Structures are given as C-alpha cells and as structure tokens.
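Atoms within a ligand are numbered from 1 in the order they appear, just like the ligands themselves. Quantities reported herein were computed from a predicted structural model and do not represent experimental measurements. Any value given below was found using the heavy atoms of this structure, including those in side chains, with hydrogens, waters and symmetry copies removed.
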Amino acid sequence: MKKTRVLFVCLGNICRSPIAEGIFRKRVTERGLGEVLTADSAATGPWHAGEPMDPRAAEVLRRHGAYFEHTARPITPEDFEQFDLILAADREVERDLLRLAGRHRGKVHLLTEPWGGGEITDPWEGDLAACEETYIQIEDLIDRWLERIVGEPEDDPQAGRA
Ligand code: 4NP
C-alpha cells in the first residue's frame, strides 16, 4: 500500500497544526498504521519559525499522551510536491495555500471538510481551556479523515467475548 503523507498547516505552526499532527501521530501509533501514513505540519506565516510549539498546545498534548518534539517551520514549494494531503486549519490558510499550490491545488483541503466546513477554535488568544477545546474538535476531525483515508478501525477481536 502506498504511503499517504499528510501535512497540517495553520498560520503560526505553533498551536493548531502541531495539535493536529500530535493527534494524528497518536492515532497512527494506536492503530499500527506507521507503514502507510506519515504526517508533518507547517505555517503559512513566518513569525514563529524555529520556535517550539505554544506551551498551552504542548500541555494539552501531554495531557492526552500525544506530545512530540516540534519546531515550527514555514511551508515550502517542495511540500506541495511531497505531501499527498495538505489540510488547512482555516479559510485564510486555505486561501494562502491555494495561491501557492500551483498544479497541486487538488491536494489542499480544509481540515473541517468532514464537518462540511466551518471553523475550529483558534486558541492563539485563548487560554488552556480554549486549547483543550481545539484538541477535542481536531481529534474528531482526525478520526473522520482517517476513516476517509484508511477506513474505520477494525473491531477488537476480543471485544464481546466471555
Ligand atoms: P496557529 O496560531 O496558527 O494555530 O499556530 C497562531 C499562532 C501565531 C499567530 C497566529 C495564530 N500570530 O499571529 O503570530
């Protein structure tokens, strides 16, 4: 099976897209999908390049066992070649990605597409609770994307046995 490479993109690459990447990585590990899926994240804005993720995002990921070491980086032209699915955290990010994508426009989607569009909470100006809310929203979206990419999780064969 061909590996599907997923890139999560937000404005700063310090809150929403690292949260999405952390959740995705956690699910991939839980479901043993490391051979078929890989993820990274990037920013459309330059301001936080080289920085670790926002401390609130790190705290929420730690609470959920989804923390990973992360350094913010801007999106590059090569990303549009190398990734199969490029998921934008909001419409502004989607618009910027579509402008940069050239012949790869078809790879760009809104992260909230499985909800039929809409916005996730941007925790940048919020507190830890806002970040937790973002985590819960993105977790649901990641599960829906995974369902699209690889299907539903297989039933535990032990489930329901006496
Ligand atoms: P993110 O949050 O896009 O979820 O990483 C933001 C981080 C930084 C800024 C905006 C949003 N900023 O304007 O610096």
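Tested against Ile23 for a side-chain contact (heavy atoms from CB on, under 4.5 Å), the candidates Ile138, Leu146, Asp143, Ile136 yield a single pass: Ile138. Put simply, the residue from His70, Arg5, Arg73 that forms a side chain to side chain donor-acceptor pair (under 3.5 Å) with Asp40 is Arg73.
Atoms of ligand 1 found under 4.0 Å from any heavy atom of Leu11, numbered from 1 in the order shown, are 3 (O), 10 (C). Listed by atom number, the atoms of ligand 1 under 4.0 Å from Cys15 heavy atoms are 1 (P), 2 (O), 4 (O), 5 (O). Proximity to Ile14 (heavy-atom distance under 4.0 Å) selects the following atoms of ligand 1: 5 (O), 7 (C). Close contacts between ligand 1 and Gly12 involve ligand atoms 1 (P), 3 (O), 5 (O), 7 (C) [criterion: under 4.0 Å to a heavy atom].
Contact between Lys107 and Phe80 at its shortest, heavy atoms only, is NZ-O, 2.7 Å.
Where the criterion is an N or O separation shorter than 3.5 Å, residue side chain and backbone included, Arg16 meets it with respect to ligand 1. Of the polar atoms of Pro123, none of the N or O atoms is found under 3.5 Å from an N or O of ligand 1, judged by distance alone. Below 3.5 Å of separation, one finds no N or O of Cys10 facing any N or O of ligand 1. In terms of polar-atom proximity, Ser17 is not counted as a contact of ligand 1, lacking any N or O under 3.5 Å from an N or O of the ligand.
Residues passing the side-chain hydrogen bond (donor to acceptor under 3.5 Å, both in side chains) test with Glu59 are Arg63, sequence neighbours excluded.
Ring orientation note: the planes of Tyr135 and His64 are close to parallel, at an angle under 30° on the 30°/60° scale.
When hydrogens are left out, the protein atom nearest atom 9 (C) of ligand 1 is Trp124 CE2, 3.6 Å; that is the closest non-hydrogen contact. In terms of protein heavy-atom proximity, atom 14 (O) of ligand 1 is nearest to His48 NE2, 2.9 Å.
Using a cutoff of 4.0 Å between basic side-chain nitrogens and carboxylate oxygens, Arg144 and Glu113 are not scored as salt-bridged.
Counting heavy atoms closer than 4.0 Å to ligand 1, residue Asp54 contributes nothing at all.
Evaluation of the salt bridge (Lys or Arg N to Asp or Glu O under 4.0 Å) test over residues 115-128, restricted to residues two or more places apart or in two chains, returns Arg16-Asp122.
In the displayed structure, Arg103 atom CZ is contacted under 6.0 Å by at most 12 heavy atoms of other residues, nucleotides or ligands.
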